[in-house]
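Report on one structure; see the data block that follows.
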Number of protein chains: 2
Amino acid sequence: MNDVARAAGVSLKTVSNVLNDYEFIRPATKQKVLDAIAELGYEANLTARSLRSGKTRMLGLVLSDLSIPYYGELASRLMTVAASRGYRVLVEQSGGVAGHELSALQGPFRQLTDGLLFTPLTLDVDTIAAHQGIKPIVMLGEHIADPRFDLVTMKNAEAAEAITAHLLAGGRRRIAVLGATAGATTDSPGLRLNGYRKALEAAGAEFDPALVVQCDWRRDGGASAVGSLLDSGVRFDAVFGLNDVMALGALHELLVRGIRLPDDVAVAGFDDIDEARFASPALTTVSPGMEEIAERSIKLLIDRIEGVETASEGLHIEAGFELKVRDSAP
Amino acid sequence: MNDVARAAGVSLKTVSNVLNDYEFIRPATKQKVLDAIAELGYEANLTARSLRSGKTRMLGLVLSDLSIPYYGELASRLMTVAASRGYRVLVEQSGGVAGHELSALQGPFRQLTDGLLFTPLTLDVDTIAAHQGIKPIVMLGEHIADPRFDLVTMKNAEAAEAITAHLLAGGRRRIAVLGATAGATTDSPGLRLNGYRKALEAAGAEFDPALVVQCDWRRDGGASAVGSLLDSGVRFDAVFGLNDVMALGALHELLVRGIRLPDDVAVAGFDDIDEARFASPALTTVSPGMEEIAERSIKLLIDRIEGVETASEGLHIEAGFELKVRDSAP
DNA sequence: CGCAACATTTACAACGTTATAGAATAGTGG
DNA sequence: CCACTATTCTATAACGTTGTAAATGTTGCG
């Protein structure tokens, strides 16, 4: 910057002012500076700028694992939206481990970012509140619904209700659910299960706890869950995976076992990952409006960082959803 | 740091020395400093450290799109390996657009990182060489094979040859290839196609250009490519997708059209993404040793950054591969 | 012509760290 | 007990930027 100042015959600060679009600069001076910058190929040093300003123009994204399709797609979209606002996204994988989530919250990672998009999987809301620090955090997903935090989420219950209603409308009465968890009703499995029950109730169908299976939210979790359901002799005419990869795992296992889809058993998922469309049969699922989630969460976080949004209570935003009816459950 | 120094009754620099494991520090002094750090909850400011040292301890990763399963998995593994060496990974999506690739190479992104893992898709090697700058770059993938650059790649030709040989051994003679490109033989489609031809030759099978189809390296690319092959009436008894997602798209399309897999047509892919195992039928593919690629590329890049590796020629590393025989092509 | 009032530019300090080089202290041999 | 070396510590100056406040230019008006 010194060199530029010398080349343009102005002071250091004037160059800085040009770079920062300071109002009171004579056009001629500005041009001289810009010429010098172009000629010398000067680029501002971002590290120095960060040190001085205390801002990094990076957003932190904490999620369990980028290799999970839903998170890969989410990260991709968030990065694109953030880029359009002049921010970068730095990803931290927690692996769903409490210690990693905590260190993402307080450790050096936090320092590198101006704000956090946080998908907590193991940490409870009070622990997070105790370690939230000073910079803005926007929660993604559903584990947290607390007035202390901003939250951008999908309409879990409504979407699960809609897809269950669709299965019921197709004549299914015994709908197995994969991926439920014990206890909590405010996290995404809980909310989706609520939606499921509500749809059953509305249709006057019986709720059978034997149809609700706990398993890992992964492909092989869904596969083995549906396998043990078959082995145990529980009857069912539909499977609702609380996310797509479990549903796809189940779909695969059902086919391996010679069960006809969708004639014998219909399969539905949740997320509408890219892959769902190309499964055989194509997976009926619900699209949680990821584009909207990405846009609104980035906007909210940046507005908090830049002081545009000043609500003292946490804002809770729910993105719309869309039912995607395909061959696995027509 | 000033506060810590005061609390410990030592100078600023002594605190810095403790933090940097400077050799000549009395154990008692070191302990005093560590106690003061613990008591005050001090954490070093990474931005200031970066400004002073010129290092960010971040590695840049340039790839087309994180939502592509192969890249999601790769990024995830790279981040894990990098973390174990005390580095973070900052991802930049190029979308396969030349302009974005170029700006990742020279723009502010470069400043934020100590070195680059680069997966060039559109830029040619001379353009890259012209803009490579001063910091280390390790190429990932296959578009570049040039003595000027370090490269970590998979055994494209050998792996493609192996999987083609497997199809031939299964009695297939007319193997369609999806995802070929015109011209280049040193990029990954080119190398894989070479392996395909070599296997044909070794088996004395005829090479038919009509079986080689160009398409986008995406799910719907594979689907529509195999669709138009069917429509055009070209006979084939196997499909080799040059990557898994094309193969999976093709697999889906074949099933939709009522073709029996693997009886009528066998399908094979390349990459062994997580999803391949759970397709129906499960996809036969080749695993390119991603773990090894991740480990060796991170190690090489960090060794270059830290001056451990000083070879003046580019190092070319090929990771091993493993054939994954599954139901789509037994 | 003089002096507000405003526009434009500048000098200097600061952000929090590490490198350099030198000062202080401890240890050793004669 | 002194000179000399090895160890341990510290003062000062950077790294490259922006905020503050003050200096300088310019314009308009009485």
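Quick note on labels: first sequence line is chain A, next is B, and so on, each numbered from 1.
- Note: NZ (B:K32) to C1' (D:dT8) measures 12 Å, nearest angstrom.
- Of the side-chain N and O atoms in A:R26, none sit less than 4.0 angstrom from OP1 or OP2 of C:dA7.
- As rounded to whole Å, 10 Å separates atom P of D:dT17 from atom CD1 of A:I37.
- At a threshold of 4.0 angstrom between heavy atoms, the contacts of A:L12 include nucleobase atoms, whether or not backbone atoms are also involved.
- Using a 4.0 Å heavy-atom cutoff across all strands shown, B:N17 reaches at least one base atom of the nucleic acid.
- When side chains are defined from C-beta on, B:E92 does not count as touching B:L61, because their heavy atoms never get closer than 4.5 Å.
- No hydrogens or angles were tested; on distance alone, nothing pairs the side chain of A:K13 with the base of C:dA11 as donor and acceptor under 3.5 Å.
- Using a 4.0 Å cut-off between charged nitrogen and carboxylate oxygen, B:D150 and B:R304 count as a salt-bridge pair.
- Within the nucleic acid shown, B:L51 comes within 4.0 Å of at least one base atom, counting heavy atoms only.
- A:E73 CD to A:L66 CG: the interatomic distance, rounded to the nearest 0.5 Å, is 12.0 Å.
- Between B:V10 and A:L19, the one whose closest nucleotide on DNA chain D sits nearer the 5' end is B:V10.
- Considering only side-chain N and O atoms, A:N20 lies under 4.0 angstrom from the phosphate OP1 or OP2 of D:dT18.
- Listed nucleotides: C:dG16, D:dT8, D:dG16. Nearest to the side chain of B:A48: C:dG16.
- The distance from atom CE of B:M1 to atom C1' of C:dC15 is 13 Å, rounded to the nearest whole Å.
- Between A:K30 atom NZ and C:dA7 atom P there is a gap of 16 Å when expressed in whole angstrom units.
- Checked by distance alone, A:R52 brings a side-chain donor or acceptor within 3.5 Å of a matching partner on the base of C:dA14.
- Between A:Y22 atom OH and C:dC6 atom P the separation is 14 Å, expressed in whole Å.
- Of the side-chain N and O atoms in B:S53, none sit less than 4.0 angstrom from OP1 or OP2 of D:dC15.
- Remark: C1' of D:dG16 and NZ of B:K55 are 18 Å apart, rounded to the nearest angstrom.
- Salt bridge absent: A:K32 and A:D35 never bring a charged side-chain N and a carboxylate O closer than 4.0 Å.
- If you measure from atom OH of A:Y42 to atom C1' of D:dG16, you get 7 Å, rounded to the nearest angstrom.
- Remark: A:L121 CG to A:S64 OG distance equals 5.5 Å, nearest 0.5 Å.
- Set against C:dT10, C:dG16, D:dT7, the side chain of A:S11 has C:dT10 as its closest nucleotide.
- Between B:S50 and the phosphate of C:dT17, there is no side-chain N or O to OP1/OP2 separation shorter than 4.0 Å.
- Distances shorter than 4.0 Å separate some side-chain N or O of B:R49 from OP1 or OP2 on C:dT18.
- When the side-chain nitrogen and oxygen atoms of A:T14 are compared with OP1 and OP2 of C:dT9, none of them lie within a distance under 4.0 Å.
- Counting non-hydrogen atoms of neighbouring residues, nucleotides and ligands closer than 6.0 angstrom, the CZ atom of B:R218 reaches no more than 12 such neighbours.
- Rounded to whole Å, atom C1' of C:dT17 lies 11 Å from atom CG of B:N2.
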